[in-house]
**Q** 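One structure, pasted below without further comment.
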Amino acid sequence: MENISKEGLTRGIRRWDLVAIAINAIIGAGIFGLPAKVFSLIGAYSIVAFAVCALVVALIVLCFAEVGSRFDATGGPYLYAREAFGPTVGFEVGWLLWLVRVTAFAANCNLLVQYASYFWPPVGSGAWRAALITGVVLLLTVVNLLGVRETTLVSNLFTIGKLIPLLILVAVGLFFIAPENYSFDALPDYSAFSTSVLLLIYAFTGFEMAVIPAGEARHPQRDIPFAVLVAIAIVAVLFILIQTVCIGTLPELAESERPLADAGSRFLGAAGGALISAGAITSIIGNLNVVLLAGSRMPFAMAERDQLPRVLAATHHRFRTPHVSILVTATVVLALTLSGTFIYALTVSAITRLVIYAATCAALPVFRQREDELRTSGFRAPAGTLVTALALGLILWLLANSTWREARDATIAALLGLLIYFIHRKVRRTRRDSHSQSDGGESTSSSAKR
């Protein structure tokens with residue numbers, strides 16, 4: 001018998017499905033380009049930067065694991081912030097999270113076109129580009145509309161498909177490493193190192209997408225902590241090994257535009273470059289699938305709590321999916337993706353993601369103080385108070401090293417969210433007042449007749 005949540009959604013996501021969603025969400029396009037960027041900044045110390053970034057994100061993930069284990073409804077960080085700090089902060093987090101997801105989808109879909117043009121150059125521009133983008137968005141939209149089991153099946157397949165080329169790259173590449181490529185003589189300066197760690201946040205973020213569809217997970221309070229912790233452990237080890245192989249096999253790594261494909265070509269020949277390029281396409285499509293899954297649940301969750309129009313909370317009577325929210329989100333990402341080069345000006349930076357993470361980390365001690373009012377956590381982070389303090393301190397360190405442009409973009413995005421929030425609240429209040437006056441008028445008229 002089908003297990004239906006209070007929100008009208010099917011609880012069809014199993015434990016390892018959540019692990020696959022988290023891995024798919026983290027491993028997108030970033031790892032296929034960032035190894036060269038961070039190496040150009042700090043050389044072989046980029047391996048250390050990967051390890052430091054993994055540690056920062058692991059502390060944040062511990063906070064998500066405990067906070068997420070207290071909830072079984074859809075919304076993730078939006079729901080946590082709303083319960084801990086009130087509806088205004090909750091809306092801001094939900095809005096920023098949705099904005100991050102739709103702009104990331106558009107940016108990654110454009111990268112997908114670039115990798116596809118490796119195999120067939122005409123698809124990189126013009127009508128063929130538009131056709132590929134439209135086809136990918138329509139296909140993923142249909143999959144997401146048909147049901148959460150279908151969506152997770154696609155996610156599982158693409159997780160396997162993206163991991164195989166990366167594991168081959170590492171397993172074979174380790175035998176071709178040239179030790180002289182590693183130079184740790186001169187320490188990188190503080191600014192370059194912190195900039196590198198901030199850059200790598202792009203590669204390690206996305207795990208939060210696994211906690212958003214908790215309302216469709218079979219045992220969310222037990223399975224979400226397991227999923228995010230296992231996923232970040234797998235990804236951290238894999239990314240550090242990838243960077244090690246890239247440095248050891250590709251002397252011109254700093255100048256490479258496609259470092260993984262170039263490294264693969266170096267020790268696997270032309271077939272290696274093609275394998276990694278195909279892996280990048282598989283990785284990006286898998287990532288786009290879970291971005292649409294998680295991104296479409298944000299308007300749904302916010303509408304469920306009357307913070308967006310109620311129509312967005314509608315669920316399909318047959319497929320048990322938030323079909324209106326899926327269609328709205330898909331329409332927005334298609335429009336943004338087709339806008340081409342303009343999308344990079346719209347992409348919300350890592351600073352916004354860090355603000356979202358900070359809200360969930362800060363919610364952990366709040367919920368611990370209110371355990372009498374809330375159900376207890378299914379997972380308890382070891383040294384939770386210390387973990388929270390370290391996570392927030394490291395987030396502040398990264399925020400302090402962000403650029404003025406990133407801060408400006410995040411502020412504009414936040415202010416736009418506040419504007420939408422207050423407009424919707426005013427509209428709701430006006431409608432409620434008009435209904436009250438209408439009901440009062442009918443009662444007076446009825447009394448006069450009697």
Side-chain angles (χ1 to χ4, degrees), residues 4-13 71-83 86-106 137-138 140-148 150-151 208-209 211-217 220 288-337 346 348 356 413-414 416-432 435:
I4 307 298
S5 71
K6 295 177 183 177
E7 300 164 315
L9 303 172
T10 300
R11 288 197 178 277
I13 305 178
F71 295 88
D72 60 1
T74 303
Y78 157 71
L79 191 59
Y80 312 154
R82 179 184 167 87
E83 290 293 328
T88 304
V89 175
F91 184 92
E92 270 295 289
V93 169
W95 158 253
L96 290 173
L97 189 52
W98 182 79
L99 198 61
V100 164
R101 290 299 120 222
V102 296
T103 53
F105 185 107
V137 174
L138 286 178
L140 294 179
T141 301
V142 170
V143 170
N144 275 265
L145 285 171
L146 288 177
V148 74
E150 287 75 8
T151 306
E208 72 279 3
M209 284 192 269
V211 308
I212 292 172
E216 293 162 280
L288 295 178
N289 179 55
V290 297
V291 168
L292 187 56
L293 165 68
S296 62
R297 269 55 178 181
M298 293 313 305
F300 170 81
M302 295 162 80
E304 272 276 307
R305 290 154 186 82
D306 292 320
Q307 290 197 294
L308 284 176
R310 286 291 300 176
V311 66
L312 291 169
T315 56
H316 195 279
H317 70 282
R318 178 181 174 188
F319 302 127
R320 295 292 180 181
T321 52
H323 60 295
V324 177
S325 186
I326 291 171
L327 291 171
V328 168
T329 302
T331 301
V332 172
V333 298
L334 179 59
L336 287 176
T337 308
L346 294 171
V348 180
I356 294 168
L416 180 58
L418 279 177
L419 180 63
I420 294 171
Y421 172 72
F422 286 115
I423 289 174
H424 178 67
R425 193 170 74 166
K426 183 173 178 59
V427 169
R428 282 185 62 238
R429 187 175 296 167
T430 302
R431 286 179 179 173
R432 190 166 57 241
H435 284 317

**Q** Working to the nearest 0.5 angstrom, can you tell me the gap between E92 CD and L416 CG?
**A** 9.0 Å
**Q** Which heavy-atom pair separates H317 from R320 by the least distance, and what is that distance?
**A** O-NE, 4.1 Å
**Q** List the steps and the verdict of side-chain contact (heavy atoms from CB on, under 4.5 Å) for V137 and F105.
**A** CA-CA 10 Å; V137 174; F105 185 107; 3.8 Å; yes
**Q** Search all heavy atoms of A301 against all heavy atoms of R305 and return the closest pair with its distance.
**A** O-NH1, 2.9 Å
**Q** Between E208 and P77 (side chain of the first, backbone of the second, donor and acceptor by atom type, cut-off under 3.5 Å), is there such a pair?
**A** no
**Q** Between T321 and G147, which heavy-atom pair has the shortest distance, and what is it?
**A** CG2-CA, 3.6 Å
**Q** If you apply the rule salt bridge (Lys or Arg N to Asp or Glu O under 4.0 Å), what do you find for E304 with K6, and how did you get there?
**A** CA-CA 11 Å; E304 272 276 307; K6 295 177 183 177; over 6 Å; no
**Q** Donor-acceptor pair, distance only, cut-off 3.5 Å: does the side chain of R310 make one with the backbone of D306?
**A** no
**Q** Quick check: closest heavy atoms across T10 and F319, and the distance to 0.1 Å?
**A** OG1-O, 4.4 Å
**Q** Would a distance-only check, ignoring hydrogens and angles, find a side-chain to backbone donor-acceptor pair under 3.5 Å from R11 to I4?
**A** no
**Q** With a 4.5 Å limit on heavy-atom distance, are the side chains of V148 and I13 in contact?
**A** yes
**Q** To the nearest 0.5 Å, what is the distance between CG (L334) and CG (L140)?
**A** 11.5 Å
**Q** Hey, can you tell me if Y80 and F71 have their rings parallel, tilted or perpendicular (30° and 60° cut-offs)?
**A** tilted
**Q** Can you measure from CD1 (I356) to CG (L97) and round to the nearest 0.5 angstrom?
**A** 4.5 Å
**Q** Who passes side-chain contact (heavy atoms from CB on, under 4.5 Å) against V142, sequence neighbours left out?
**A** L146
**Q** Indicate yes or no: at least one non-hydrogen side-chain atom of M209 is less than 4.5 angstrom from one of L293.
**A** no
**Q** Are F91 and L308 close enough that some pair of their side-chain heavy atoms sits under 4.5 Å apart?
**A** yes
**Q** Quick one: are L9 and P322 in side-chain contact, heavy atoms under 4.5 Å?
**A** yes
**Q** Report yes if the side chains of P299 and V328 come closer than 4.5 Å at any heavy-atom pair, otherwise no.
**A** no
**Q** Between T151 and V290, is any pair of side-chain heavy atoms under 4.5 Å apart?
**A** no
**Q** Please report the closest heavy-atom contact between I326 and N144, naming both atoms and the distance.
**A** CD1-O, 3.5 Å
**Q** Is the shortest side-chain heavy-atom distance between S325 and M298 below 4.5 Å?
**A** no
**Q** Mind listing the closest non-hydrogen atom pair of V93 and A81 along with its distance?
**A** CG2-CB, 3.7 Å
**Q** Check whether any side-chain N or O of H323 sits under 3.5 Å from a backbone N or O of H316 as a donor-acceptor pair, and report yes or no.
**A** yes
**Q** For A73, does its backbone N or O pair with a side-chain atom of E7 as donor and acceptor, under 3.5 Å?
**A** no
**Q** Check side-chain hydrogen bond (donor to acceptor under 3.5 Å, both in side chains) between T88 and all other residues, then give those that pass, not counting sequence neighbours.
**A** Y421
**Q** Before giving the answer on side-chain contact (heavy atoms from CB on, under 4.5 Å), spell out for L327 and L145 the whole-Å C-alpha distance, their side-chain angles and the decisive distance to 0.1 Å.
**A** CA-CA 8 Å; L327 291 171; L145 285 171; 4.0 Å; yes
**Q** Would you say W98 and V332 make side-chain contact, with heavy atoms under 4.5 Å?
**A** yes
